Number of protein chains: 4
Amino acid sequence: MECPFDTKPRWERRKDARPHELLAAAIDLFVERGFASTRLEDVARRAGVSKGTLYLYFENKEELFKAVVRTSIVPVIGAAESSVAEFEGHSADLLRKVMQDWWERIGANKVSGIVKLVTAEAGNFPELAKFYQDEVINRGTRMISSMLERGIARNEFRQVNVTQMTQVLIAPMLMLVTWKHSIGPCERGELEPLAFLATFLDMALHGLLPATHVVAPAAV
Amino acid sequence: MECPFDTKPRWERRKDARPHELLAAAIDLFVERGFASTRLEDVARRAGVSKGTLYLYFENKEELFKAVVRTSIVPVIGAAESSVAEFEGHSADLLRKVMQDWWERIGANKVSGIVKLVTAEAGNFPELAKFYQDEVINRGTRMISSMLERGIARNEFRQVNVTQMTQVLIAPMLMLVTWKHSIGPCERGELEPLAFLATFLDMALHGLLPATHVVAPAAV
Amino acid sequence: MECPFDTKPRWERRKDARPHELLAAAIDLFVERGFASTRLEDVARRAGVSKGTLYLYFENKEELFKAVVRTSIVPVIGAAESSVAEFEGHSADLLRKVMQDWWERIGANKVSGIVKLVTAEAGNFPELAKFYQDEVINRGTRMISSMLERGIARNEFRQVNVTQMTQVLIAPMLMLVTWKHSIGPCERGELEPLAFLATFLDMALHGLLPATHVVAPAAV
Amino acid sequence: MECPFDTKPRWERRKDARPHELLAAAIDLFVERGFASTRLEDVARRAGVSKGTLYLYFENKEELFKAVVRTSIVPVIGAAESSVAEFEGHSADLLRKVMQDWWERIGANKVSGIVKLVTAEAGNFPELAKFYQDEVINRGTRMISSMLERGIARNEFRQVNVTQMTQVLIAPMLMLVTWKHSIGPCERGELEPLAFLATFLDMALHGLLPATHVVAPAAV
DNA sequence: AATGAATGAGCTTTCATTCAT
DNA sequence: TATGAATGAAAGCTCATTCAT
C-alpha cells in the first residue's frame, strides 16, 4: 500500500514549478558554457525533464535565453529604476546604493555570467543582441543617466556630459564581469572586486561632485 | 597577344603569400564571428582558396588560431618587453608608453577582437586557453609586473602590491576591448577610449607615484 | 477505410526494433565492405533511418562494430565454453562438436565475414583489435586449450603441447573464413568446407589420440 | 671545389632507379597499412621524391599496386611454372620444391603481406581483384594443377580430383599468410610455419601417392 | 502535459589526383 | 623530369527542432 498523502502524480504537482526548474537549469548551463555551446538536452536533463517538455514552455533556444534574462536581470533594472525614482537623499549616496545593489544581485552572483555571455556572443545572435539591447542596456543606460540628471538638477553633481559619464559608470561593472568569467579564474592575484568598485566610485565622484567636496583617495 | 577566351587557371600558385592571406582571412573572421562559429571553409573562401589548401598551411583550426595569435599579439608583447628592458627614463613615462603602444597596436586595431574572443570562448576550448595563458597572459603579466618593480626599485613608484596593481593596469585594456566588440557598437554615446585610458592612467599613477610628486593630468 | 492520400509519417517510432535493425544492417555492410569502407550513412539508410538515429543507439562507429561482435560472435564463444564445461563424453567427440557448432553458427554464416574483417583490418584499428583480442581470441583460445587439457587429464588425448595444438585447431577455421570472403568467391573449383574440416579434424586427432586408438575417418 | 667525379645531378643519375625506389617504398607501406590506408604522399616521401613524381611513373594508386604485384609476386609464379616445366624427378619432390620455393620467396618474406592485403581488400577494389585473379590466382592455380596432372600422367600420383586438390594445396599457404599478418603477431604460442607446412605436405601426399607408398607421419 | 525517438543540415578533417611552374 | 601547391568530394559526428505516442 502506498502512502495516502501525496498521491497526486508528480507531473501535476509540478506543473507550476516546471518553468522555474528549467530556467534554473538553463541559467546554470548558459553561465557554464555560453549560449551556443549549451545543449538543450543538457538543460532538460538537469531540470529532470525531457527535451520535448522544454519546448512546451519555451518556443526555442533563444526564447529560453530571453526568459532567463527576463527573470534574472530585468527585475534588477526595475528595482534600480524604483530606487532612482524614490530615493530621497544625496545623489552620491544614490549612486553608491545602485552600484552596491548591482554588485549584490548581479556582480557577485551567478547571473553575472549571463552578462558576460551576452558580451561574448551577441555578435553571433542578432536577435538576442537586439532583445538585450532593448530590455537591459537601454533601460539600464536610461536609469543611470536619469540618476546623473537628478544629481545635476539638484546641484549635487556638476554639469557633466551625461552620456559619456553614463558609459564610464557602466564600464567597471562590465569589467568585473568579464574578469570574473574569463581571465579571473586563471589568475593568482585576484582583482578584489569590492575594492575595485570603491576605487572606481571615488574616481567617478571626484569628477561628479562640486569642487568644494573633498574625497579621500580609496585604497585600490 | 592574349588568348581571347577566359584562360584564368583553376588556381594560382602562391606559396609565400598563402599563409599571410589565410591568416588575414582568419583574423577577420575570428574577429567577426568568434572561434567556434568561424567556419574554415569561409576562411578559405575569403583567402581565395579551397578548404584543402588551408590544411596545407595549418594543421587544424586550433593551430590556425594559434598562428593568428602568434603573428598578431605575441610580437606586441615582445616589443613591450623590449621597451621595458631598454627604457631609460622615468617609470611613469614607461608606463604611459607601454599603454600607448598597446592602444596603437592592439586596442585601436582589429586585433583587439582576438583578445575579446579569448575572453569570450576560452572556457570552451581549454587547449586554446592554456596556449593563450602561456603565450600572452603570463608574459604580459610578467612584463607589467617587471615595469612596476623597475619603478619601485628606482624609487619612482611607491611600494605597492605589485601583483594586484598589475591586475588593475590590465583591467582598462580588457574593458576597452570588451566594450569595443560587444556593447560598444550598439551604443550611441561612445566611450571615448583615449580619454578613458588617460583617466585610468592618472588614477593609477595617483596610487603609484610617491606622495610628494605632483602629476599633471597626462594626455595619452 | 484508409485515407487515399499518402499519409505515411515522416518517421516511425520503433525503439525496441531499432537496435536489431541497425545491427542487422551493420553486419551486412561490414561483411560486404569491411570496417573502414562502411559508411554509417549507408548503415542507417539500410536500416531505414537517418544518420542521426544511428547515433541514438551507438556512440560511434567503433561501438557499433563492438556491438555487432558482441551479438554475433561472443555468444557463440559462450556456448562453446558451456559445451566444454558440461560435456560428458569422449574429448574427441567434444572436439568434433565444438568444431561443428562453430561451422553452423559462424563458419557457414554471414558472421564469418566479421571474423575475416578483423583479420583484414585489425592492424589499422588498434582499439578494435584489442577489443576483439580480449573478447574473442583470448576467450576462444582459452576454451580450446581447456578442451585439450580435459582430454589429456582424462587420458583421452596424448600429452601434446597444448599451446601449439590450440593454434593448429584454430588454423582451419581461420582459413575457411579467409577463403570464403576473399579468394573463394572468385574460384570455380570450390573448397568444400565440410570435407576440408573433416580432413583437418582427422589429421588433428591423429596427433591427439593415443597410439592404440584406431579412428575411422569422421564425417563432420 | 667539388669532387670532379659524380657531378651529374642526382635526378639524372637516378632516372632508372626511381621506379625501383618507389616500388620498394610502396611495398613496405602497402604491407604495413594495406591498400586503402596507404597514402601516396607517404610512399613518395619514403622513396625520397615528391607526390607528383610518383604520378610520372604510375598512373594512379591501383597501377602502382599492380606494379608491386608484378615485380614481387608474378615472377615467383613464373619461376614455379618453369620448375614444373623443366623438373625431371618424382612429382612428389617437385611438389616439395615448389612449396619450399614459395616459402622462401613469399611466405617468409615481406611480400607475404601483399598476398594478405589482397585477401583483405579485394572486395573493395574490383579492378585490383580482377588483375590479381588473372595474374596470380589463375596462373598459380593452373601451375599447381599442371603439377598434379604431371604426377598423375607419370603414375606418381593417384587419380585425384585435380581441381579440389589444387585448392587444398593453396590453403596452407593462404593460412600462413593470414596468420602472419593478423592474428599471429598478437599470439604468444607461435604457429611454427615450416613444421606446419611439412605436416600439410605429408597429409597431402598421403592422399596423392599411390597406396603402396608409406609415409611417416610428421610431427605437427 | 509529457516523452524521447527521429531528423538532417552543418562542420572539421583527409587524401587521391591535377597541373602551373 | 620533377615539384608540391591546390583541389574538392567524402565521411564521422553533433544538436536544435519536430512530432508520433
Side-chain angles (χ1 to χ4, degrees), chain A residues 9-12 14-15 18 36-45 48-62 64, chain B residues 7-18 36-44 47-62 64, chain C residues 9-18 36-44 47-62 64, chain D residues 9-12 14-15 18 36-45 48-62 64:
Chain A
R10 194 182 303 154
W11 63 262
E12 195 174 340
R14 290 238 171 154
K15 191 156 52 169
R18 282 280 187 262
S37 297
T38 290
R39 296 169 33 186
L40 291 190
E41 179 150 26
D42 290 341
V43 174
R45 189 179 9 256
V49 302
S50 73
K51 237 189 316 186
T53 301
L54 198 155
Y55 278 86
L56 292 177
Y57 294 97
F58 305 97
E59 223 171 72
N60 54 36
K61 202 182 188 181
E62 299 214 332
L64 173 63
Chain B
T7 54
K8 192 162 53 151
R10 276 208 296 149
W11 44 265
E12 213 181 333
R13 192 193 183 90
R14 313 199 51 209
K15 186 191 172 162
D16 297 337
R18 286 287 185 248
S37 297
T38 290
R39 295 168 13 171
L40 291 190
E41 183 150 24
D42 290 342
V43 174
V49 300
S50 75
K51 236 183 325 181
T53 300
L54 201 155
Y55 281 87
L56 292 179
Y57 295 95
F58 305 98
E59 229 171 65
N60 54 37
K61 201 181 187 181
E62 299 216 332
L64 174 63
Chain C
R10 275 208 296 149
W11 44 265
E12 213 181 332
R13 194 193 183 89
R14 314 198 51 208
K15 186 193 171 155
D16 296 337
R18 285 287 185 249
S37 298
T38 290
R39 296 170 10 172
L40 292 189
E41 183 152 24
D42 290 342
V43 173
V49 301
S50 73
K51 229 181 338 179
T53 300
L54 200 156
Y55 282 87
L56 292 178
Y57 296 95
F58 304 97
E59 230 170 65
N60 54 38
K61 202 181 187 181
E62 299 216 334
L64 174 63
Chain D
R10 193 181 304 152
W11 64 263
E12 196 175 338
R14 290 238 170 156
K15 192 157 52 168
R18 282 277 186 265
S37 296
T38 290
R39 296 169 32 186
L40 291 191
E41 180 149 26
D42 291 340
V43 174
R45 188 177 12 254
V49 302
S50 73
K51 237 190 314 187
T53 302
L54 198 155
Y55 278 85
L56 292 178
Y57 294 96
F58 305 97
E59 222 172 73
N60 54 36
K61 203 183 189 182
E62 299 214 333
L64 173 62

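Treat the numbers as computed from the prediction; the structure is a model and nothing was measured. First the proteins, then the strands, lettered A, B, ... as listed; each starts at 1.
Taking for each of G52(B) and G48(A) the nucleotide of DNA chain E with the nearest heavy atom, the 5'-most of the two is the partner of G48(A). Checking T38(C) against E59(A), the closest nucleotide of DNA chain F that is more toward the 5' end is the one next to T38(C). Mapping N60(B) and K51(C) onto DNA chain E by nearest heavy atom places K51(C) at the nucleotide closer to the 5' end. Taking the nucleotide of DNA chain F with the nearest heavy atom to each of A36(C) and S50(D), the more 5' of the two is matched to S50(D).
When rounded to the nearest whole Å, the span between OH of Y55(D) and C1' of dA20(E) equals 17 Å. Atom P of nucleotide dT18(F) and atom CZ of F58(A) are separated by 16 Å, given to the nearest angstrom. For the pair R18(C) CZ and dG4(E) C1', the computed distance is 13 Å after rounding to whole Å. In this structure, the CD atom of E41(B) is 9 Å from the P atom of dT12(E), given to the nearest Å. Rounded to an integer number of Å, the gap from CG of L40(D) to P of dC15(E) is 11 Å. Between L54(D) atom CG and dG4(F) atom P there is a gap of 14 Å when expressed in whole angstrom units. In this structure, the CD atom of E62(C) is 12 Å from the C1' atom of dG12(F), given to the nearest Å.
Partners of T53(A) under the side-chain hydrogen bond (donor to acceptor under 3.5 Å, both in side chains) rule, at least two apart in sequence or in another chain, are S50(A). S37(B) is linked by a side-chain contact (heavy atoms from CB on, under 4.5 Å) to N124(A), R33(B), counting only residues two or more places apart in sequence or in another chain. Residues passing the side-chain contact (heavy atoms from CB on, under 4.5 Å) test with Y55(C) are L40(C), sequence neighbours excluded. Looking at residues two or more places apart in sequence or on another chain, you find a side-chain hydrogen bond (donor to acceptor under 3.5 Å, both in side chains) between R45(A) and D42(A). Taking E59(B) as the reference, E63(B) meet the side-chain contact (heavy atoms from CB on, under 4.5 Å) condition, with sequence neighbours excluded.
Taking CZ of R39(A) as the start and NZ of K51(A) as the end, the distance is 8.0 Å to the nearest 0.5 Å. Distance check, rounded to the nearest 0.5 Å: NZ of K61(C) to CG of L54(C) gives 11.0 Å.
Using a 4.0 Å heavy-atom distance criterion, S37(C) is classed as making no nucleic acid contact.
Distances from the side chain of L56(D) to the nucleotides dT1(F), dA6(E), dA2(E) place dT1(F) closest. Across dA16(F), dC11(E), dT13(E), the shortest atom-to-atom separation from the side chain of R39(B) is found for dC11(E). Here the nucleotide nearest the side chain of Y57(C), chosen from dT7(F), dG4(E), dA5(E), is dA5(E). Nearest nucleotide to the K61(B) side chain, out of dT13(E), dA6(E), dC13(F): dT13(E).
Secondary-structure stems of DNA chain F, taken as three or more successive Watson-Crick or G-U wobble pairs (i with j, i+1 with j-1) under a 3.5 Å distance threshold, comprise E:2-21 with F:2-21.
OP1 or OP2 of dA6(F) has not a single side-chain nitrogen or oxygen of T53(B) nearer than 4.0 Å.
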